[in-house]
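Presented below is the structure to which this report refers.
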Amino acid sequence: MKKITKFKHKKVLVLGLAKSGVSAASLLHKLEAFVTVNDQKPLAENPEAQGLLQEGIKVICGSHPIELLDEGFQYVIKNPGIPYNNPLIKKAIEKNIPVLTEVELAYLISEAELIGITGTNGKTTTTTLLFEMLKEADQKPLIAGNIGTVASEVAQEAKENEKMVVELSSFQLMGIEEFAPHIAIITNLYDAHLDYHGNLNEYWKAKSNITKNQTQHDYLIFNADQEQVIDSVAFTKAQLIPFSTKKEVAEGAYIKNGAVYFKDELIVEIDSIVLPGAHNLENILCAVAACKIYGVPNESIKKVLGTFTGVKHRTQFVREVKGVKFYNDSKATNSLATKSALHAFEGPTILLAGGLDRGNDFDDLIPYLKNVKTLITFGETSEKFVKTGEKAGIQSIIPVDNVEKAVPVAFGHAEEGDVVLLSPACASWDQYRTFEERGDIFIEAVHKL
């Protein structure tokens with residue numbers, strides 16, 4: 001890793017732990033910063049904080065004392081999930097202390113070039129597809145970021161001849177100063193995370209941060225089918241590489257005559273792609289465009305697209321039981337993702353939905369529920385889904401306590417040829433720590449049938 005001196009002998013507060021906070025604190029300690037970690041969870045219940053304490057890092061646990069910021073910190077590295085209306089964060093901003101996230105650290109120390117992927121939906125699939133294509137072409141990719149592996153941890157081992165493919169959330173991108181990927185990708189922009197960002201423009205602005213430090217030597221792959229994306233990145237200095245599923249874009253990736261093209265080059269026939277769902281064509285175009293910038297052979301792209309069936313928790317096929325197919329789409333934490341999942345199936349569907357209540361209703365799903373024969377609801381939004389199901393004319397609507405109980409109920413109402421789809425349209429935090437935990441519980445329950 002690059003031995004940067006930016007944080008040497010500087011006082012840095014790491015706010016919030018989890019995986020990113022632990023990695024950031026440990027890295028800053030190696031970079032000879034004077035690190036203080038502050039986490040809400042009490043020390044006795046906090047093995048991560050105990051481990052950092054053994055490394056010689058100052059740890060304050062159990063609360064977020066506002067007077068901490070009187071200690072003269074020069075930087076705050078915050079957990080992406082901590083909102084900007086947190087009193088400590090608000091005070092840091094008032095004091096003009098830079099508030100960063102750990103992806104900024106990853107960029108500063110990485111010897112490898114970074115490819116950053118963001119957007120409302122499709123980030124994880126695009127990230128994984130691109131990683132697999134680069135790997136097939138022996139271009140030594142690494143995978144990191146919001147996909148599960150902490151970017152600042154991966155960056156410490158990254159080499160100059162490698163490429164870091166990094167999935168980035170809007171939360172992470174709000175906390176950057178110098179971060180500039182060589183290739184930035186914006187899959188799409190819709191209405192999401194307004195409880196965190198306050199309004200749509202702030203959310204889109206956070207996403208567009210991915211290109212704010214790019215230069216004319218860098219590339220921005222963007223969705224040319226969405227005016228909001230085009231408007232959000234109008235300021236970029238990067239070379240523009242559009243993609244479109246609706247029209248030919250001469251300088252980018254597009255669909256024509258049942259095939260994927262990049263510029264005027266035929267890359268792959270759509271019939272040979274095994275990844276289900278029309279929505280995944282956007283993700284495929286993003287990955288193809290990035291690959292062609294790096295000179296990946298078409299054979300490598302074709303091989304991956306001929307075998308890649310999806311990512312865990314993203315419309316993931318789990319198993320078939322007595323002619324009933326079970327799919328895990330726990331990553332669907334908003335209505336748009338659930339619309340895409342429902343659109344991928346044409347036969348009778350049993351939908352499992354519900355989760356954290358962010359104040360919205362789900363009536364926008366009604367046109368997509370035409371194939372749903374049974375709706376099973378759970379979580380804080382259970383009652384809202386019941387009302388939506390009734391408006392959609394679904395005759396069989398069953399509230400249950402949780403995902404685990406939903407699975408046998410779904411199987412009991414299923415017939416041969418049906419699909420049982422977990423696609424909650426909500427975050428998981430009312431009942432589960434992560435969407436991965438929710439999905440794993442679904443998978444386990446399916447295997448118990």
Side-chain angles (χ1 to χ4, degrees), residues 120-121 188 190-192 194-195 276-280 313-428 430-432 435 438-439 441-442 445-446 449:
T120 304
N121 288 321
N188 47 56
Y190 294 102
D191 181 339
L194 300 192
D195 55 332
H279 62 289
N280 277 315
H313 307 300
R314 285 99 181 153
T315 325
Q316 171 202 5
F317 175 67
V318 178
R319 71 183 287 216
E320 183 173 330
V321 186
K322 295 184 178 178
V324 179
K325 293 181 178 179
F326 290 80
Y327 287 85
N328 165 30
D329 192 40
S330 184
K331 181 63 170 67
T333 56
N334 56 51
S335 290
L336 181 70
T338 296
K339 289 175 188 176
S340 295
L342 288 166
H343 188 64
F345 301 104
E346 296 179 355
T349 303
I350 297 173
L351 176 64
L352 281 56
L356 184 73
D357 192 346
R358 281 176 157 153
N360 56 301
D361 62 35
F362 300 96
D363 288 358
D364 58 327
L365 284 175
I366 290 172
Y368 297 83
L369 298 174
K370 58 183 182 296
N371 292 330
V372 174
K373 58 182 272 187
T374 300
L375 175 62
I376 300 176
T377 71
F378 51 85
E380 288 180 355
T381 57
S382 180
E383 192 57 40
K384 286 185 175 181
F385 271 104
V386 169
K387 291 177 181 176
T388 296
E390 289 171 347
K391 289 179 186 176
I394 298 171
Q395 297 300 307
S396 176
I397 304 171
I398 309 164
V400 296
D401 290 342
N402 52 46
V403 168
E404 187 177 15
K405 291 184 178 179
V407 171
V409 172
F411 188 51
H413 284 76
E415 298 174 315
E416 186 175 348
D418 288 356
V419 163
V420 174
L421 171 66
L422 170 69
S423 191
C426 300
S428 60
D430 58 332
Q431 293 182 304
Y432 308 100
F435 72 81
R438 178 172 64 189
I441 286 170
F442 173 79
V446 171
L449 292 173

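Note that the structure is predicted; figures quoted are calculated from it, not measured. No hydrogens, no waters, no symmetry mates; every other heavy atom, side chains included, goes into these values.
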Determine, stepwise, if the pair Phe385 / Leu351 fulfils side chain to side chain contact (heavy atoms under 4.5 Å, CB included). CA-CA 11 Å; Phe385 271 104; Leu351 176 64; 5.5 Å; no

Looking only at heavy atoms, what is the nearest atom pair of Ala410 and Leu352, with distance? CB-CD1, 3.9 Å

Across all chains, not counting sequence neighbours, the ring-ring contact (aromatic ring centres under 6.0 Å, His included) partners of Phe345 are Tyr327

Residue pairs passing the side chain to side chain donor-acceptor pair (under 3.5 Å) test with at least one member in residues 343-356, sequence neighbours excluded, are none

What residues, two or more places apart in sequence or in another chain, satisfy side chain to side chain contact (heavy atoms under 4.5 Å, CB included) together with Ala337? Asn121, Ala332, Asn334

With Leu422 as partner, the option from Val407, Val403, Asp329 fulfilling side-chain contact (heavy atoms from CB on, under 4.5 Å) is Val403

Any heavy-atom pair between the side chains of Arg438 and Pro424 that's under 4.5 Å? yes

Answer yes or no: is there a donor N or O on one side and an acceptor on the other, between the side chain of Lys331 and the main chain of Gly439, under 3.5 Å? no

Checking the side chain of Ser428 only, and the main-chain atoms of Phe435 only, is there a donor and an acceptor separated by less than 3.5 Å? yes

Rounded to the nearest 0.5 Å, how far does CD of Glu380 lie from CZ of Arg358? 10.5 Å

Pairwise side-chain contact, His413 with Asp418, heavy-atom cut-off 4.5 Å (strictly under): no

Looking at every non-hydrogen atom in both residues, tell me the closest pair between Cys426 and Phe362 and how far apart they are. SG-CZ, 3.4 Å

Exceeds 12 heavy-atom contacts within 6.0 angstrom, atom NZ of Lys325: no

To the nearest 0.5 Å, how far apart are CD1 in Ile398 and OG in Ser382? 11.0 Å

Working to the nearest 0.5 Å, report the span between CG of Leu342 and OH of Tyr368. 9.5 Å

Any heavy-atom pair between the side chains of Phe411 and Lys322 that's under 4.5 Å? yes

Could you grab the distance from atom CG of Asn328 to atom CD1 of Ile441, nearest 0.5 Å is fine? 11.0 Å

Contacts of Ile394 that satisfy side chain to side chain contact (heavy atoms under 4.5 Å, CB included) - sequence neighbours left out: Leu369, Val372, Leu375, Ala392, Ile397

Identify the heavy atoms of Val409 and Lys405 that sit nearest to each other, and give their distance. CG2-O, 3.3 Å

Is the number of heavy atoms from other residues, nucleotides or ligands under 6.0 Å of Glu404 CD greater than 12? no

Those residues at least two apart in sequence (or on a different chain) that pass ring-ring contact (aromatic ring centres under 6.0 Å, His included) with Tyr432 are none

Ser423 backbone acceptor or donor facing Thr338 side chain under 3.5 Å: yes

Find out whether Pro399 and Val386 are in side-chain contact, i.e. whether some heavy atom of one side chain is under 4.5 Å from a heavy atom of the other. yes

Looking at residues at least two apart in the chain, or sitting in another chain, which of them share a side chain to side chain contact (heavy atoms under 4.5 Å, CB included) with Asp363? Asp361, Ile366, Thr388, Lys391

Within the distance-only criterion (no hydrogens, no angle test), does the side chain of Glu383 pair as donor or acceptor with the backbone N or O of Thr381 below 3.5 angstrom? no

Does Lys339 form a side chain to side chain contact (heavy atoms under 4.5 Å, CB included) with Asp364? I'd like the steps, not just the answer. CA-CA 9 Å; Lys339 289 175 188 176; Asp364 58 327; 3.3 Å; yes

Any side-chain heavy-atom pair of Val324 and Val420 under 4.5 Å: yes

